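Written below as structure tokens is the structure these notes are about.
As the structure is a computational prediction, the values presented were derived from the model and not from experiment. The first residue in the sequence is number 1, and the count goes up from there. Both ligands and their constituent atoms are indexed starting at 1 by order of listing. Just the heavy atoms: all of them, side chains too, but no hydrogens, waters or symmetry mates, feed the values below.
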Amino acid sequence: MSPSYVSTTTTSTITTASPQTLEIDAIDDAASYVPVISSLSSVYSASALPAQEGRWASLVACFKQFYPAEDLTFIARSPGRVNLIGEHIDYSLFDVLPMAITQDVLIAVHVGDTDGKLVLNNTDPHFPSRTFNVADLKDIEIDATVHEWSNYFLAGVKGAFSLLPSAEIPSMHCVIDGRIPTGAGLSSSSAFVCASLLAIATAVKAAASPSSTTFANAVTKSDLVQSAIVSERHVGVNSGGMDQSASVFGVPGHALRVQFYPQLKASPVAFQSDDFAFVIANTLVVADKHVTGPIHYNLRVVETTVAAEILAKQCGLGPLPIRDGFGGTLRGVVEAFKARGVDMTGVMDKVKQVFSKQEGYTLAETAELLGQSELEITKKYMTRFPVRFERFQFRARALHVLDEARRVEKFCELLAHAPADRSGDDAEEKYLQDLASIMTASHKSCRALFDCSCEELDELVGLAVANGAYGSRLTGAGWGGATVSLVRKDKANDFVQCLKEEYYSKRYPGISEDKMNDAICITEPGLGSAVVVGNYSA
Ligand code: NG1
């Protein structure tokens, strides 16, 4: 069915009705700078190291081919992430539980020439060379309607100028090597933006002190995250902050509980058992948020934001704190109810009462509920990031968000205790089943309430469970991309083999072993962003 409402794109700024602004300040790790590292063994796990050494050597060789006369000053690195639980709730300011993965974006940089150019080359020949005058960068416009690879670097440029307003970006000659599959729900875009911003901040620092070889203290992790969150919106997606947080704050061997309320905070979460592993399996259906944003991702951000504003209005909660200049959040609604003694179950009941129409709401009906004109609503929520829809599904979207937020709480509670703390011979088994049932419930909710799954994701989830996974779910935005499955470590290799046979070989006959190995892997939680200076080996 084609959507009956289409909002238009303009570049006008969004104004908000509420007088309050929710400040997102990083705490916890706020004072810590992105590390500067001199050996790859501090970046990757022992099992990932051999392949990574070869890859870094190829990048250095490629750099020499592009720029034979130039020294490689440093390499900036930011990883992708897999989200274990907490899908589509970061932009409603609820906690999420991702972890950084081994796959990453590397940017090899030469700083210091005086040709006044930013040159971007890519190890992948599909991405052609791009050159910009550094003098033009401050006012550069990013055309989000065009799918252009260098836009992600330019988003990093925007972030760098917001972070270091008086900085002069020096000449930078770069080679980019990205190994996170795009559109796989593993956050290749955020890794690219974070690595770009880090590369620029480090280049500014390097140019300011050419005699130094350490480039330490170029940018704090929290500044990098917060600037990257805002600047990534320049490429046309009204994103939350989970991906940038995971990419920058990643801690080897740990998941990260990322909180957005009342302030941004990332806390490492250890796994209390060595017996399980997470397997990422890419459906190989590319989920392109930039193309489908108006009917998928950006529309969900509008639906959850407007649902929050309507709940506040209809339940007399007063003005909600505004997230990033956009609108109120369901977290704001939950906090306002909490102050009135209403718990999460009570809030979910209110959602069902206020949004009693299961078929959804037209723009005219939405205007009536909000007490605002259709034009006003369009201007506020659908102008910078245009959307297309027939009816807003406030009820289903809000119920997913609230229940998913509860699932994150439960999952984290389970992870806080070792399985051995439980009684009974089958304590470990029960523990894994409990974790898995939360993942499975999350997938069902993503499919039925948030409508962000697809046939291939559902098939992979079904095959995962049929082949021994305790639980499985889509990870990331969905509508394609990857699943994450919880499996016993000693069965993980067999599990991978089963999915190769039952999903990849059947769906994609003739698929090469290399392609399958890129598509499915046992993941290890890895280190976040870093600058590497030295000989680029272990
Ligand atoms: P991916 O999987 O990278 O498309 C997106 C958002 C996250 C989060 C998830 C859904 C961006 C950069 N990332 O992730 O903030 O909302 O979807 O949980 O838009």
Checking Glu232 now: which residues fulfil salt bridge (charged side-chain N to carboxylate O under 4.0 Å, His left out) with it, not counting sequence neighbours? none

Applying salt bridge (charged side-chain N to carboxylate O under 4.0 Å, His left out), name anything that partners Arg406, two or more places apart in sequence or on another chain. Asp403

Does a side chain donor of either Asn517 or Lys500 reach within less than 3.5 Å of an acceptor in the other side chain? yes

Under 3.5 Å, is there a donor-acceptor pair linking the side chains of Arg81 and Ser245? no

List by chain and number: which residues place a heavy atom under 4.0 Å from ligand 1? Arg81, Glu87, His88, Asp90, Tyr91, Gly185, Ser187, Ser190, Glu232, Val237, Ser239, Gly240, Met242, Asp243, Lys289, Tyr297, Gly476, Ala477

Would you mind writing out the side-chain donor-acceptor pairs for residues 437-444 within the sub-3.5 Å range, not counting sequence neighbours?
unit_1: Ser437; atom_1: OG; unit_2: Asp434; atom_2: O; d: 3.0
unit_1: Thr440; atom_1: OG1; unit_2: Ala436; atom_2: O; d: 3.0
unit_1: Ser442; atom_1: OG; unit_2: Glu404; atom_2: OE1; d: 3.2
unit_1: Ser442; atom_1: OG; unit_2: Glu404; atom_2: OE2; d: 2.9
unit_1: Ser442; atom_1: OG; unit_2: Arg473; atom_2: NE; d: 2.9
unit_1: Ser442; atom_1: OG; unit_2: Arg473; atom_2: NH2; d: 3.3
unit_1: His443; atom_1: ND1; unit_2: Leu474; atom_2: N; d: 3.1
unit_1: His443; atom_1: NE2; unit_2: Asp458; atom_2: OD1; d: 2.8

Check this for me: does any side-chain nitrogen of one of Glu87 and Arg407 sit under 4.0 Å from a carboxylate oxygen of the other? no

